[in-house]
Number of protein chains: 2
Amino acid sequence: MNNWDELQESVGFTFKDITLLQTAFTHSSYVNEHRKEHLKDNERLEFLGDAVLELTVSDYLFKKYPDMAEGQMTKMRAAIVCEPSLVEFADSVHFSKYVQLGKGEEKAGGRNRPALLADVFEAFIGALYLDNGLAKVIQFLERVVFPKIDTGVFMETVDYKTQLQEIVQRDRDVLIQYDILGESGPAHSRAFEAQVVVNGQVLGKGTGRTKKQAEQNAAEFAVRQMMRN
Amino acid sequence: MNNWDELQESVGFTFKDITLLQTAFTHSSYVNEHRKEHLKDNERLEFLGDAVLELTVSDYLFKKYPDMAEGQMTKMRAAIVCEPSLVEFADSVHFSKYVQLGKGEEKAGGRNRPALLADVFEAFIGALYLDNGLAKVIQFLERVVFPKIDTGVFMETVDYKTQLQEIVQRDRDVLIQYDILGESGPAHSRAFEAQVVVNGQVLGKGTGRTKKQAEQNAAEFAVRQMMRN
């Protein structure tokens, strides 16, 4: 089995136009060293794939978190479609192995350069979109990207009060309430204590130097408790 | 005919879920003044619509300019999906008239605020996508956005040598060549003259303080001549 067959088997799709898949894995340094073959590098596919990822991830967040504010969704999307995350996704499907690199770039360790791997991942998404349409891209993301979102790991970019709201919103008619229990200390180093009450039950307490921070810490406690269950 | 029927007739689509269309045109100031009605503002739809626009415009550029480099496509996309352009698109379909605004925002002239109109345009795209899918969005853009791209107006963000290449690329096997014809003046204010030759025919000449600038000006001359025909 050649590399391209192996790759297609690994991602679970057969490309109608195999040159699209090959182009997605072709770095400009390889094109420069093989001028006579008139190859294309993956930069245009990366441009397209980036936009495909932005939309598919936005759509997923929009539907998964029906009450999340626009600003929070924007933060989460940025945490998902960013170099370190894209590298993780690329690694999870072993993309590094299939990249076509120039010799100089190979010697310089280019194959495992984060920016290069992130570009290849986006270019692959662009190629899949052109060859198979948006529905196939979503099928791929359902295996490689969305389960990661479901673990809640990208929620860490979102504040804890919002996280708690998103968790308990699954059950309707939930009332979340924050109480300031007290404050202490001199004016220049005041400390506040807050609690969060969900449907009448105290789920967390926290302290902080502002009321807002105390509430955040109470919410964080509640979120961590709930994640553990 | 009520406003929403009029709007749907004007955009050429009937929404299955009319509340999506209404939400797209609802500013947060209106929601704040009508708390009892439990309305949603258009911010989440704007988040989604922005990503839909990025993809549909990227896809269009990718296919329309098969030889354009990634960097140039990125510049063009930024010129298309930016506030002033979105306001123009929104104006061309008279969206301002249908926006639901709070009284304070209305008095402050919010109805014609560029940022507000750009947001409404994106929110409308988000609503159309949710209600009717990507194909319907593309149908709408084929009337409102893509013809504007076809006029070449957004090409102005792209350098003239690239523009010329894109124009003549329509015919295959075209050779574009730049010659430096001469230079003059003292070292501190040198002037160069260049010409651009396409398939053996001189299409433009230009001068500049660097060779590169002289070539750009020659290309600009050629592009403007060709646009006139």
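In what follows, chains are A, B, ... by sequence order, proteins preceding strands, each numbered from 1. All of these numbers come straight from a predicted model, not from anything done at the bench.
The environment of B:Glu37 atom CD is dense: over 12 non-hydrogen atoms of other residues, nucleotides or ligands sit within 6.0 angstrom.
Of the residues B:Val52, B:Asp50, B:Thr56, B:Leu53, the one that meets the side-chain contact (heavy atoms from CB on, under 4.5 Å) test with A:Leu55 is B:Val52.
Here the NZ-CG distance, from B:Lys63 to A:Leu48, works out to 7.5 Å after rounding to the nearest 0.5 Å. Distance check, rounded to the nearest 0.5 Å: CZ of B:Phe47 to CG of A:Leu61 gives 5.5 Å.
Interface remark: of the candidates A:Met73, A:Glu70, A:Glu46, A:Met73 forms the most heavy-atom pairs closer than 4.5 Å to chain B. Between chain A and the options B:Glu43, B:Lys40, B:Arg44, heavy-atom pairs under 4.5 Å are most frequent for B:Arg44.
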